[in-house]
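All remarks here apply to the structure that follows.
Owing to the predicted nature of the structure, the values given are computational and were not obtained by experimental measurement. Both counts, for ligands and for their atoms, begin at 1 and track the order of listing.
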Amino acid sequence: LYVEAVLAEGLMLVLEGAQANYLANVMRLKAGDPVRLFDDSTGEWLAEVADAAKRNITLRLTTKLRAREAVPDIWLLFAPLKKDPLHYLVEKATELGVARLQPVVTHRTIVDRPNPERLRAHMIEAAEQCDRTALPELAEPVKLAALLASWPAGRALLFADEGGGEPFADIAPGPAALLIGPEGGFTEDERGAIRAHASATPISLGPRILRAETAAAAGLAAWMSRFGD
Ligand code: SAM
């Protein structure tokens, strides 16, 4: 369970609202029952229920199970999609181990500013399900031109180009970012600007046209299968 707190040994934590309801009424936890918590900073802890009331539940932290893990150094740069595909993209990227989610506004992007709170909620839910103790970082939306102009040296920009690119087998290890376009794809000008960037390598995800959210999951899975730990 993710908690917005800095966890420490012996800490007494009172949870209310949905989390208390989940632990007390869905999981029906009683005093003495164990709970695993993480805070995205110190790591994962074992706690035990000190008191389970109707409206809130008190947990006592006992032992630290593991430190916040280092995640593979890959970012996902994506043109924000409509609600359900975006939920799928954020959930799969989190499960696959992405370090950072960066919305990129392109000419054909439909949703310029996705709701960050909703994205964060999907990230947390996915992290709890897949046992991550480190949440992906969620960056502010940025325009494609600004992203390219301020691209950090030393990070490979893997441009998922359905128009053709290198097979994943040729990708070198190292800090990377996977760039996925919107449902309507990149414009020719955008593709030219990306391909012209010194850090960019166009990559192919096969001969078929994938949905953006499929391309994000497929691209991350391909990278993770080679470089993820
Ligand atoms: N141009 C596409 C079309 O003709 O329908 C629309 C874009 S596609 C739905 C969404 C994004 O997924 C693309 O911009 C690209 O980044 C990625 N993508 C889809 N299929 C791909 C493939 N076979 N190889 C590499 N990237 C792909």
Please report the interatomic distance [atom1]([X]) to [atom2]([Y]), rounded to the nearest 0.5 Å.
{"X": "Ile194", "Y": "Phe159", "atom1": "CD1", "atom2": "CZ", "answer": "4.0 Å"}
{"X": "Thr106", "Y": "Phe78", "atom1": "OG1", "atom2": "CZ", "answer": "12.0 Å"}
{"X": "Glu16", "Y": "Ile57", "atom1": "CD", "atom2": "CD1", "answer": "12.0 Å"}

Just to be sure I'm reading this right: ignoring hydrogens, which of Arg108, Arg208, Glu162, Arg191 gets closest to atom 15 (C) of ligand 1? Compare them by their nearest heavy atoms.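 Looking at heavy atoms only, the winner is Glu162.
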
Any idea which of Ile180, Leu77, Leu178, Leu210 brings a heavy atom closest to atom 19 (C) of ligand 1?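 The nearest heavy atom belongs to Leu210.
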
If you count the atoms of ligand 1 from 1 in the order shown, which ones are under 4.0 Å from a heavy atom of [X]?
{"X": "Pro182", "result": "7 (C), 10 (C)"}
{"X": "Ala160", "result": "15 (C), 16 (O), 25 (C), 26 (N)"}
{"X": "Asp161", "result": "24 (N), 25 (C), 26 (N)"}

Side chain, backbone, both or neither: which part of [X] comes within less than 4.0 Å of ligand 1 when only heavy atoms are counted?
{"X": "Pro207", "answer": "neither"}
{"X": "Ile203", "answer": "backbone"}
{"X": "Ala215", "answer": "side chain"}

Work out which heavy atom in Arg132 is nearest to a heavy atom in Val71; give both atom names and the distance.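 So the two residues come closest at NH2-CG1, 3.5 Å.
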
Protein contact of [atom] - nearest heavy atom, named by residue and atom, plus distance:
{"atom": "atom 6 (C) of ligand 1", "result": "Glu183 O, 3.2 Å"}
{"atom": "atom 24 (N) of ligand 1", "result": "Leu205 N, 2.9 Å"}
{"atom": "atom 11 (C) of ligand 1", "result": "Gly181 O, 3.7 Å"}
{"atom": "atom 5 (O) of ligand 1", "result": "Ile209 CG2, 3.5 Å"}

Suppose we screen for salt bridge (Lys or Arg N to Asp or Glu O under 4.0 Å). Which residues come up paired with Arg191, at least two apart in sequence or across chains?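 Partners of Arg191 under the salt bridge (Lys or Arg N to Asp or Glu O under 4.0 Å) test: Asp161, Glu188.
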
Intermediate values then yes/no, side-chain contact (heavy atoms from CB on, under 4.5 Å), Leu135 and Arg120: CA-CA 9 Å; Leu135 295 178; Arg120 187 165 162 76; 3.9 Å; yes

Got an N/O contact under 3.5 Å between Gly184 and ligand 1?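 There is no such contact.
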
Do ligand 1 and Gly185 have nitrogen or oxygen atoms that lie under 3.5 Å from each other?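 Among all N and O atoms of Gly185, none is under 3.5 Å from an N or O of ligand 1.
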
Answer yes or no: does atom NZ of Lys30 have more than 12 heavy-atom neighbours from other residues, nucleotides or ligands under 6.0 Å?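 Yes.
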
Mark yes when over 12 heavy atoms from residues, nucleotides or ligands other than Lys143 sit less than 6.0 Å from its NZ; otherwise mark no.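 12 or below, so no.
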
In terms of ring plane angle, is the pair His122 and His87 parallel, tilted or perpendicular, where the classes change at 30° and 60°?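 Aromatic pair His122/His87 classed parallel.
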
